[in-house]
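Each remark here refers to the structure printed beneath this line.
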Amino acid sequence: AASLSTESSQQELIDAYYDDKIHSLYSKLISALEESAMNDPMTKIKKKKMDILYEMIAKQPEGEEKILSIMINKLGDPSKEVTNYAIAQLKSLQKENMKMSLIIFNNVKAFFTSATKSNAKLYSLVFMTQMAIPYNFPQYIEEAIKFFFDLFNKYSTSSAEYNKKDEKENANIERYLSLIVKRINDLFKQVKNQKGEMQKIQNIINEKINVLFKLSHNKSLKLSVEILKLLYGIIPSQDESFIDRYYKSLYEFISNSAL
């Protein structure tokens, strides 16, 4: 019996040794792929390494946090082709495993917040506004609503300082706001049958009524359309003065000579 116990202990040690070696090699493989995906000058090679990383995270949870971080960092790649490829991969990853929605969202949100380059901010925001909305994950919807309204507060405040900024920065703010308000519209539609969440969104919109009406007259066609759609969605809960104000803004929008 003692001999069997000794043999069993030795086998466990051998198994543990090889298990540790496999994990170590797997970790080194991830690091090598990261180095190539980040620094290879050829777009084709970068995408190939990204494909391998995608297959690894899709089939095996080992190293998930590290691989996801690498994939998200590609949203800030200098190559537009690579950033678009990263967006497509992240969207595919979410659809393959909707339970990862909140993890992916929170990691991209952190990347967006810490990003210093405008293209990294833009592409991470584009991805977050294109994520599939998971029906059975209310925590994702709640976090997304808070995040996008916080962003709206930030960039709508910035829009009030247009005259102090250059044209490129103004255009970026308008583009951010268009994406943000469009996503708020998407979330609004998603929760229209959930009274609690619906009321939360309506309360936040009510606090921003004057800002929204002001922005509906800005130079960006896309932003104006998204804001008018958002305001139209809350008409049933508003009084007659709001309705008059809304249709006046809509008429002015339609009558705009720029259209």
Side-chain angles (χ1 to χ4, degrees), residues 8 10-115 117 119-144 147 179 183 186-187 190:
S8 177
Q10 288 178 338
Q11 186 61 49
E12 287 175 1
L13 287 171
I14 292 169
D15 290 344
Y17 172 80
Y18 281 109
D19 187 58
D20 180 68
K21 280 293 183 183
I22 290 169
H23 286 301
S24 177
L25 288 169
Y26 194 80
S27 179
K28 287 179 180 178
L29 173 60
I30 293 173
S31 295
L33 290 167
E34 177 184 22
E35 174 68 22
S36 181
M38 290 297 175
N39 300 318
D40 199 292
M42 294 183 64
T43 297
K44 185 177 180 180
I45 300 298
K46 282 185 180 180
K47 289 168 68 176
K48 182 64 178 176
K49 304 306 180 186
M50 290 166 69
D51 283 339
I52 296 171
L53 288 164
Y54 177 85
E55 289 298 316
M56 290 167 71
I57 194 173
K59 295 179 179 179
Q60 162 82 0
E62 177 82 20
E64 178 184 284
E65 186 177 344
K66 177 68 173 176
I67 295 173
L68 183 59
S69 174
I70 298 167
M71 293 174 71
I72 291 170
N73 280 333
K74 297 315 294 171
L75 295 171
D77 195 273
S79 165
K80 187 175 180 180
E81 183 180 347
V82 172
T83 53
N84 284 329
Y85 201 69
I87 288 173
Q89 282 193 323
L90 287 166
K91 287 167 71 174
S92 177
L93 179 65
Q94 185 208 3
K95 288 179 181 178
E96 286 290 321
N97 189 351
M98 293 299 282
K99 290 181 180 179
M100 288 186 69
S101 296
L102 188 58
I103 295 171
I104 295 171
F105 177 75
N106 283 334
N107 277 274
V108 178
K109 182 172 68 173
F111 176 79
F112 171 87
T113 303
S114 63
K117 295 182 179 179
N119 72 311
K121 278 196 173 294
L122 175 61
Y123 283 105
S124 52
L125 181 60
V126 166
F127 168 71
M128 287 188 287
T129 61
Q130 292 181 359
M131 286 182 72
I133 299 176
Y135 297 99
N136 299 320
F137 294 92
Q139 189 180 353
Y140 163 81
I141 293 174
E142 189 172 332
E143 296 233 1
F147 174 70
L179 290 166
R183 190 55 169 184
D186 294 339
L187 293 164
Q190 182 65 39

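Keep in mind that the numbers below use all heavy atoms, side chains included, and drop hydrogens, waters and symmetry copies. The shown structure was predicted, so the numbers you read here are calculated from the model rather than taken from an experiment.
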Side-chain touch Gln89/Tyr85, heavy atoms, less than 4.5 angstrom: yes
Atom pair CG/NZ of Leu53 and Lys49 - distance to nearest 0.5 Å: 9.5 Å
Heavy-atom check, side chain of Glu142 versus side chain of Leu102, under 4.5 Å: no
Which atom pairs, one a donor and one an acceptor, fall under 3.5 Å between side chains of residues 120-132 and the rest of the protein, sequence neighbours left out?
| unit_1 | atom_1 | unit_2 | atom_2 | d |
| --- | --- | --- | --- | --- |
| Lys121 | NZ | Phe112 | O | 2.7 |
| Ser124 | OG | Ala120 | O | 2.7 |
| Ser124 | OG | Lys121 | O | 3.0 |
| Thr129 | OG1 | Leu125 | O | 3.3 |
| Thr129 | OG1 | Val126 | O | 2.8 |
| Gln130 | OE1 | Lys91 | NZ | 3.2 |

Val82 to Thr43 - nearest heavy-atom pair and separation: CG2-CG2, 3.7 Å
Determine all donor-acceptor pairs shorter than 3.5 Å in which one atom belongs to a side chain in residues 70-78; sequence neighbours excluded.
| unit_1 | atom_1 | unit_2 | atom_2 | d |
| --- | --- | --- | --- | --- |
| Asn73 | ND2 | Ser69 | O | 3.2 |
| Lys74 | NZ | Ala37 | O | 2.7 |
| Lys74 | NZ | Asp77 | OD2 | 2.5 |
| Asp77 | OD1 | Lys46 | NZ | 3.4 |
| Asp77 | OD1 | Ser79 | N | 2.9 |
| Asp77 | OD2 | Lys46 | NZ | 2.9 |

Which atom of Pro134 lies closest to which atom of Phe137, heavy atoms considered: CB-CD1, 3.4 Å
Minimum side-chain heavy-atom gap Ile52-Glu55 below 4.5 Å: no
Contact list for residues 122-132, test salt bridge (charged side-chain N to carboxylate O under 4.0 Å, His left out), sequence neighbours left out: none
Distance (rounded to the nearest 0.5 Å) between Asn106 CG and Tyr140 OH: 10.0 Å
Residues that Lys44 engages under side-chain hydrogen bond (donor to acceptor under 3.5 Å, both in side chains), provided they are two or more places apart: none
side-chain hydrogen bond (donor to acceptor under 3.5 Å, both in side chains): pairs with one or both residues in residues 95-104, sequence neighbours excluded: Gln94-Ser101
For the student: nearest non-hydrogen atoms of Tyr54 and Ser92, plus distance: OH-OG, 2.7 Å
Over 12 non-hydrogen atoms of neighbours within 6.0 angstrom of NZ in Lys48: no
Within residues 63-73 or reaching into it, pairs that qualify as salt bridge (charged side-chain N to carboxylate O under 4.0 Å, His left out) - sequence neighbours excluded: Glu34-Lys66
Approximate separation, where rounding is to 0.5 Å, of Ile133 CD1 and Leu187 CG: 4.5 Å
Gap separating the CG atom of Leu68 from the CD1 atom of Ile57, nearest 0.5 angstrom: 5.0 Å
